[in-house]
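Each chain gets a letter, A, B and so on, in the order the sequences are listed, and its residues count up from 1.
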2 protein chains.
Amino acid sequence: MSSKADTPSTKPLSNSQRAFLALRDMIFAGDLAPGSDHLESELAEQLGVSRTPVREAALMLESQGLLELRPRKGVRILPVSPEDMAEIYDVLTELECLAARNAANKGYSEPDLDPLAKAIEDMEVAVAQNDLENWAEADDRFHRALVLLGDNSRAATVFDMMNDQVRRARTVTLFMRPLPVQSNEDHRQVFEAIKAGDIGSADAVHRAHRQNAKNMMLELLKKHRLRGV
Amino acid sequence: MSSKADTPSTKPLSNSQRAFLALRDMIFAGDLAPGSDHLESELAEQLGVSRTPVREAALMLESQGLLELRPRKGVRILPVSPEDMAEIYDVLTELECLAARNAANKGYSEPDLDPLAKAIEDMEVAVAQNDLENWAEADDRFHRALVLLGDNSRAATVFDMMNDQVRRARTVTLFMRPLPVQSNEDHRQVFEAIKAGDIGSADAVHRAHRQNAKNMMLELLKKHRLRGV
DNA sequence: GCATTTATTAATGCATACGTAAATTCATGC
DNA sequence: GCATGAATTTACGTATGCATTAATAAATGC
């Protein structure tokens, strides 16, 4: 599951870009554990390339806040503490609410909102089937579609960065949480507000939705003593 | 003028980091013009290092949105269109208002707010002396101090990135704008709201302040036909 | 004279080599 | 047995070299 739009055009990826994606996936999959150190040379060998592309990938990942280059200690996968997660949720909330207001303000027609509608449907089906994995995927899709409708590429880029970290935490906490019934109701309300062009409501409902998500996540991290995800 | 906190500790900067700072400054100073292309080898020669640190610096600058690496065309300094600037201001507005609310909510004592007070004073002196350069510097200081009081390191990092771009545009437009008298009044109101712990007011006042700044900047860019700053 | 193909150039992406400085091990003195 | 200092290892930062391939120029055919 990649956060960037998967362009179907088959452009030849450079080794650096592949290393970037590979390392990112390894971090999300937990193959590179939070807090762990890894030598550039080891990673290079694992990926079957020289140190150069690994280093370049590491520099990019560093500016995305996923790891840290520490001279002579290797790259350190940054753990995300509950306090970090609170920060991340706060930023996400602002950016998504900005998007929700912009979307409501633009007077989108129904087809434009299809991605939102589809994601909502999928979430409802998933909840009915008790399928949390598919729910999480559709939930992610909803939030990203919302941000795209906000039509602010910089907000979208920052959203992707932050959302990556949430995804990482969610893979750990997904099965600890109750069924997201209220969440689905929230999404529908946000959708209706945007469709109706009700800017204030879109912001308010989505803000409350995100606040709940934040509290839920922090509760889970606290309850299960997950201090560095 | 660096956006990162200037740590007084004299740590030996690597060539890559120096190249990063040097290139960034060259972009802000206009030595590397928006839209211009530059070969890695040229830049390397200018900076007196090999291509490697230049490349690493370019990668970092790319993820900050200041330039773009285009195979065989060199690095391209990204121009910032008025539409881009609108996006940037919208993101900045959200992050700063988040900070203003958080700051108001924390119940800071007077000494904590000193950086804000000092910046406001300096701005008033600068305006009285018709010194726009010093005003801009103090204004920047105010906004950054505000974000720091918001106590969200991720928001601060993103703020720095976006604010860099505004600074670049402001060096061009600074002397086209009227004296920022209203702006100073706004700052004082934000300060008072934070001191009083009035979250709603801090958000509302600062939001309006930022909206004005955005409109002013966009007007200037439009009026002077500056389509790629 | 124009289009198409071939040859040349040149800049990148990447591997590799190497000096340097940190970290570790070992040795030595007390 | 411990601390201090010397020797060694090691990982990084950076320079360099080279193969690849896009871009440009040249050449050929019609």
Closest-nucleotide ordering on DNA chain C, the 5'-leading residue of V75(B) and P71(A):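 The 5'-side residue here is V75(B).
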
Calculate the interatomic distance between [X] atom [atom1] and [N] atom [atom2]; express it in whole Å.
{"X": "D37(B)", "N": "dA22(D)", "atom1": "CG", "atom2": "P", "answer": "18 Å"}
{"X": "L39(B)", "N": "dA10(C)", "atom1": "CG", "atom2": "P", "answer": "11 Å"}
{"X": "F20(B)", "N": "dT14(D)", "atom1": "CZ", "atom2": "C1'", "answer": "19 Å"}
{"X": "L69(B)", "N": "dC14(C)", "atom1": "CG", "atom2": "C1'", "answer": "14 Å"}
{"X": "H38(A)", "N": "dC12(D)", "atom1": "NE2", "atom2": "P", "answer": "12 Å"}
{"X": "E45(A)", "N": "dA11(D)", "atom1": "CD", "atom2": "P", "answer": "12 Å"}
{"X": "R51(B)", "N": "dC18(D)", "atom1": "CZ", "atom2": "C1'", "answer": "11 Å"}
{"X": "L59(A)", "N": "dT14(D)", "atom1": "CG", "atom2": "C1'", "answer": "13 Å"}

Under-4.0 Å side-chain N/O to phosphate OP1/OP2 contact, S14(A) with dT12(C):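 S14(A) to dT12(C) OP1/OP2: no side-chain N or O under 4.0 Å.
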
N15(B) side chain near dT14(D) phosphate (N/O to OP1/OP2, under 4.0 Å):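 Yes, such a contact exists.
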
Under 3.5 Å donor-acceptor, Y108(B) side chain and L149(B) backbone: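 Confirmed, Y108(B) side chain pairs with L149(B) backbone.
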
Exam field: side chain Q17(B) to backbone S14(B), donor-acceptor pair closer than 3.5 Å: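 Here the side-chain-to-backbone pair exists.
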
is_close_aromatic(H187(A), H206(A)), centroid dist under 6.0 Å: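 No, ring centres 6.0 Å or more apart.
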
Touch class at under 4.0 angstrom, heavy-atom based, for T52(A) against every strand present: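 T52(A): base contact, heavy atoms under 4.0 Å.
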
Sugar-phosphate only, base, or nothing, as touched by R55(B) at under 4.0 Å among non-hydrogen atoms: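 Contact class for R55(B): sugar-phosphate only.
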
Taking the minimum atom-to-atom distance to the side chain of [X], which one of [options] wins?
{"X": "E56(A)", "options": "dC14(C), dA23(D), dG13(D)", "answer": "dC14(C)"}
{"X": "S50(B)", "options": "dA15(D), dG13(D), dT12(C)", "answer": "dA15(D)"}
{"X": "P53(A)", "options": "dT12(C), dA15(C), dA11(D)", "answer": "dA15(C)"}

Side chains of R55(A) and L69(A) in contact at under 4.5 Å (non-hydrogen atoms):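 With C-beta onward as the side chain, the pair touches.
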
Base dA22(C) paired with R72(A) side chain (donor-acceptor, <3.5 Å):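 No.
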
DNA chain D: 5'-proximal contact among K73(A) and G48(B) (nearest heavy atom):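 The residue mapped nearer the 5' terminus is K73(A).
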
Pairwise distance CZ(R24(B)) to CG(D164(B)) - rounded to 0.5 angstrom: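 Here the interatomic distance stands at 5.0 Å.
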
